[in-house]
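For reference, positions follow the sequence shown, starting with 1. None of these values were measured; they are calculated from a predicted model.
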Amino acid sequence: MSLHVWEFVKRQLLESKPGSDNGGWLIGTGRRIIGVIQRDRGLEYDEVYNCIPGGLYTVGSYSCKDANSVPKCKDMKSPIVCIVKSDRKTLSFFQDGQQLECTYEEDCCLDNYLHIRTCFLRETEVQRIQFDCKRYRDQILKAAFMYDIQRNVFFFSEEEWITFVKSSSAIKRKGLDVLGPRIVHEVLLGNSTADPSSAAPTISIANQKKNPKKVQMRIDASILISKETSLKESLKILIDKISSQFIGLEKAFMSKSSPCSLSWATFRPSGIPYPICMMVPASVDAPGNMDSKLLTLRKKFHIALQLPLDKPLLRLRNVVPFGVIEKEGADKLMNVHRNVKHSGVKGGKVFTVDGDYLYCHYMQDSFDDKGWGCAYRTFQTICSWLQLQGYTNLQIPSHREIQEALVACEDNQKTSLIGSKQWIGAIELQMVLKYRYGIEARVLHVTSGADINTKARFLAKHFETEGTPVMIGGGYLAYGLVGIDWNEATGECKYLILDPHYTGNENITKIIKDGWCGW
């Protein structure tokens, strides 16, 4: 019996953090393992189940001790057991007492999967929480069709579903994006038959309390399913996930002495090939200053998902928006480098930006900066990365705001800079980064373009550990660097450039074809 394990999962298991001797759960589908959730003192099994999308399961458990200490796995009758040997250099997988052959895969290939997501709000009075949670679950169980809100398509029948799946199959994964389906099908559920109870007479009893306390419940459910899955089965998986979230909300409400609004929220932390869901005691649409109050919760999930503790990947600002939401950056392309094919460096290893960013370039925001604004635009791209990763709540600065910050932080800078078309470079932006965000930046000097290869090791390490876009400046030109393909043995290297001098509209095909983002 053969088992397929993502190479990244192998590294996670072998590099289990101190204190993880209790092991954790293996996440996947059937005989393919694509994730690990480490057991933490405060993490319940139900939280693990609700954390992962429907269609994925806890297919097994692992332990850094022995088979007797693996966590229980409720989803599988014959769970896979992984033993991480004491020297932390070998893994052994078993099922029903038989050792499994294991194939390690470099890419987590989920080309044949669809990511379907639904999200909605419900409001209830505190004293009606249990009643309404059950009522909403009963309503969801009657769902008979899906509606794709972005493509304005209804799915009533298996024939319509098959046509949709075939059209989705035509969208091939390409370039450097190897972390699962990025195209999300956002849907609403509906019942095609009238509810007989809706026609029955009702008796309304007035609430004696003038202003009953109300709370909001936010459902945010995702499923990751094979394209061979039928409409009926897809609906069932999605309904099960929604029902589970309502049960989770009800339990959370009942455990609180003073119930408040609760939200399920979806995240896409870098390095995990599937969406992650957390319940947070806050409004996702108006997070305010809740992130500091949620520090314990966020840290618990960082440890469980083996996410770095020095990167704010699960702040409320990182919640993946649902539906057509007007927000800053909606008119800008995101992560364009993921559409670029590999450079072709023989034996090279690719290091790229870790996280999301916006492609900022000439002529955007109805502002003409052609011929002088390339450094400003590259800086805006860097600022978008800081914002989208949750490091700051500050909006992406305009050219004028960058100039004002530069004048404010440099005593000798003349106020005539503000509103001008004066070119600025790496040194100036280093000062603005410190003044505006409190972040120290490092400037590397090379005598010529040919000498940049001497910095290949440093840049590779930067993308591996820090992950931010990099500004490259020379003369009166500035560019963004979002990746490097480097063969350490031969020294051959190519650089993935994001060119801010582009003046066209947000056409990803044209941008890639004409080399505005490329090696």
Checking side chain to side chain contact (heavy atoms under 4.5 Å, CB included) for the pair Val336/Tyr357: CA distance, chi angles, key distance, verdict? CA-CA 9 Å; Val336 296; Tyr357 65 88; 3.9 Å; yes

Just do the side chain to side chain contact (heavy atoms under 4.5 Å, CB included) check on Thr266 and Cys119 with the steps written out, would you? CA-CA 10 Å; Thr266 292; Cys119 184; over 6 Å; no

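Between the CD1 atom of Ile140 and the CG atom of Asp240 there is a distance of 11.5 Å, given to the nearest 0.5 Å.
Side-chain contact between Ile272 and Leu307 is present, with heavy atoms from C-beta onward closer than 4.5 Å. At a threshold of 4.5 Å between non-hydrogen side-chain atoms, the residues Leu231 and Glu160 do not count as touching. Side-chain contact between Ile27 and Val36 is absent, with no heavy atoms from C-beta onward closer than 4.5 Å. Between Trp516 and Tyr359 the shortest side-chain heavy-atom distance falls below 4.5 Å. Side-chain atoms of Tyr391 and Ile439, non-hydrogen and from C-beta on, never get closer than 4.5 Å to each other. Within the 4.5 Å cutoff, no side-chain heavy atoms of Arg31 are placed close to those of Ser2. The side-chain heavy atoms of Lys241 and Pro53, taken from C-beta on, include no pair separated by under 4.5 Å.
The aromatic rings of Trp161 and Phe164 sit tilted, their planes meeting at an angle between 30° and 60°.
The closest side-chain donor-acceptor pair between His361 and Thr381, if any, does not fall under 3.5 angstrom. Side-chain contact check for Arg122 and Gln139: no donor-acceptor pair (N or O, by modelled atom type) lies under 3.5 Å. A donor-acceptor contact closer than 3.5 angstrom is absent between the side chains of Thr124 and Tyr136. Counted by atom type alone, Thr468 and Glu466 present zero donor-acceptor pairs between their side chains at under 3.5 Å.
Look at Asp138 and Arg135 and you find no salt bridge, because none of the NZ, NE, NH1 or NH2 atoms lies under 4.0 Å from a carboxylate O. Ion pairing between a basic and an acidic side chain is recognised when a charged N comes within 4.0 Å of a carboxylate O; Lys311 and Asp354 show such pairing.
Within a 6.0 Å sphere centred on NZ of Lys299, other residues, nucleotides and ligands contribute 12 heavy atoms or fewer.
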